[in-house]
Amino acid sequence: RIIGIPEEEERGKGAEGVLEEIIAENFPELGKEKGIEIQEAQRTPFRRNLNRSSARHIIVKLAKYKDKEKILKAARGKRALTYKGRPIRLVTDLSFETWQARKNWHEIFRVLDRKNMQPRILYPASLSFRIEGEIKVFPNKQKLK
């Protein structure tokens, strides 16, 4: 998922071209590799929200999982990414199953937050919180019980 690209940027070159330009601008060493193959790239569906002025995200599907990992690892290492001078973000797109698993922690998360136990939801859907100075991690509700 690419966040922060204005809608008009992809008109001439398409979403695939935008990703290729991002790689060339931010990761020249990855741009030299000829193996990165983009399977599909598109904007997220248009949902009208008058309170939000940000552009729709671009979702990119790569032919190889290892290419995705290389790009995301390089993005995490660089921290600040830009596209034509504007700040952007590259993040992992969550599947519906992962999103639902993370949502299942919501009630417990709120209780832990009220008790000031510093809860966190780790990728993909584990709950972490601090108790008595120690950090505990639980992959599912069964382990938490």
Side-chain angles (χ1 to χ4, degrees), residues 1-110 112-114 116-131 133-141 143-144:
R1 186 173 288 254
I2 306 171
I3 303 168
I5 305 292
E7 301 268 345
E8 59 274 358
E9 290 294 330
E10 72 174 279
R11 289 213 173 95
K13 54 196 154 277
E16 292 93 352
V18 170
L19 178 64
E20 290 168 358
E21 286 183 2
I22 290 170
I23 291 172
E25 183 178 332
N26 292 286
F27 319 115
E29 66 282 350
L30 283 178
K32 292 176 186 171
E33 290 184 26
K34 299 295 179 195
I36 297 177
E37 183 181 330
I38 301 168
Q39 187 172 345
E40 179 184 358
Q42 64 186 20
R43 286 270 178 185
T44 56
F46 185 72
R47 282 182 241 142
R48 187 148 176 100
N49 185 349
L50 299 175
N51 297 329
R52 189 175 182 148
S53 62
S54 64
R56 297 178 295 154
H57 302 172
I58 296 176
I59 298 185
V60 178
K61 186 173 183 182
L62 298 171
K64 297 178 191 162
Y65 180 78
K66 290 192 182 253
D67 291 343
K68 172 185 155 185
E69 290 300 314
K70 280 185 211 174
I71 293 169
L72 289 172
K73 184 177 180 182
R76 282 190 297 269
K78 187 162 183 187
R79 303 240 176 198
L81 301 177
T82 60
Y83 177 72
K84 296 184 177 178
R86 294 186 182 120
I88 61 165
R89 291 187 314 164
L90 291 178
V91 296
T92 303
D93 188 41
L94 299 177
S95 68
F96 179 75
E97 292 81 16
T98 303
W99 178 78
Q100 193 65 38
R102 292 171 74 99
K103 188 178 175 185
N104 288 337
W105 287 115
H106 186 70
E107 294 170 24
I108 297 169
F109 186 94
R110 287 197 341 225
L112 293 171
D113 196 35
R114 272 188 254 128
N116 204 18
M117 297 176 91
Q118 301 173 345
R120 303 279 183 267
I121 297 183
L122 306 175
Y123 183 81
S126 299
L127 180 71
S128 156
F129 59 90
R130 185 179 303 268
I131 186 166
E134 189 178 338
I135 296 175
K136 303 282 187 178
V137 178
F138 299 94
N140 56 41
K141 288 184 180 181
K143 297 283 184 182
L144 178 63

side-chain contact (heavy atoms from CB on, under 4.5 Å) partners for [X], two or more places apart:
X: Lys73; value: Arg76
X: Ala101; value: Ala125
X: Thr92; value: Lys68, Leu72, Tyr123
X: Asp113; value: Pro119

For [X], enumerate each residue passing the side-chain hydrogen bond (donor to acceptor under 3.5 Å, both in side chains) test, keeping only those at least two apart in sequence or located in another chain.
X: Arg1; value: His57, Asp93
X: Glu40; value: none
X: Gln100; value: none

Could you walk me through whether Leu144 and Trp105 pass the side chain to side chain contact (heavy atoms under 4.5 Å, CB included) test, one step at a time?
CA-CA 11 Å; Leu144 178 63; Trp105 287 115; 3.9 Å; yes

Under the salt bridge (charged side-chain N to carboxylate O under 4.0 Å, His left out) test, which residues partner [X], sequence neighbours left out?
X: Lys61; answer: none
X: Arg86; answer: Glu9
X: Arg130; answer: none
X: Glu107; answer: none

Considering all heavy atoms, the nearest [X]-[Y] contact:
X: Phe27; Y: Ile71; result: CZ-O, 4.3 Å
X: Ile131; Y: Lys136; result: CG2-CG, 3.7 Å
X: Asp67; Y: Ile36; result: OD2-CA, 3.5 Å

Find out whether Leu81 and Leu90 are in side-chain contact, i.e. whether some heavy atom of one side chain is under 4.5 Å from a heavy atom of the other.
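Yes, their side chains come closer than 4.5 Å.
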
Residues which pass ring pair (Phe, Tyr, Trp, His ring centres under 6.0 Å) with Phe129, listed by chain and number, not counting sequence neighbours:
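In terms of ring pair (Phe, Tyr, Trp, His ring centres under 6.0 Å), with neighbours along the sequence ignored, Phe129 is linked to Phe138.
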
Tell me whether Lys78 at atom NZ has more than 12 heavy atoms from other residues, nucleotides or ligands lying less than 6.0 Å away.
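Counting neighbours around NZ of Lys78, more than 12 heavy atoms of other residues, nucleotides or ligands fall under 6.0 Å, so yes.
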
Decide if atom NZ of Lys84 counts as having more than 12 heavy atoms of other residues, nucleotides or ligands within a radius under 6.0 Å.
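It does: Lys84 NZ has more than 12 such atoms within range.
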
Distance, nearest 0.5 Å, that separates [atom1] of [X] from [atom2] of [Y]:
X: Ile38; Y: Leu19; atom1: CD1; atom2: CG; answer: 4.5 Å
X: Arg102; Y: Ile121; atom1: CZ; atom2: CD1; answer: 5.5 Å
X: Phe109; Y: Lys103; atom1: CZ; atom2: NZ; answer: 15.5 Å
X: Ile3; Y: Arg89; atom1: CD1; atom2: CZ; answer: 4.0 Å

CA sep, side-chain torsions, deciding dist, call: Ile88, Thr82, side chain to side chain contact (heavy atoms under 4.5 Å, CB included)
CA-CA 5 Å; Ile88 61 165; Thr82 60; 5.8 Å; no

Report the C-alpha distance between Ile59 and Ile2 in whole Å, list the side-chain angles of each, state the deciding distance to 0.1 Å, and finish with yes or no for side chain to side chain contact (heavy atoms under 4.5 Å, CB included).
CA-CA 6 Å; Ile59 298 185; Ile2 306 171; over 6 Å; no

Verify side chain to side chain contact (heavy atoms under 4.5 Å, CB included) between Ser128 and Ile135, making sure each step is shown before the conclusion.
CA-CA 7 Å; Ser128 156; Ile135 296 175; 3.5 Å; yes

Between Glu21 and Tyr83, does any side-chain donor sit less than 3.5 Å from a side-chain acceptor?
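There is such a pair between these side chains.
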
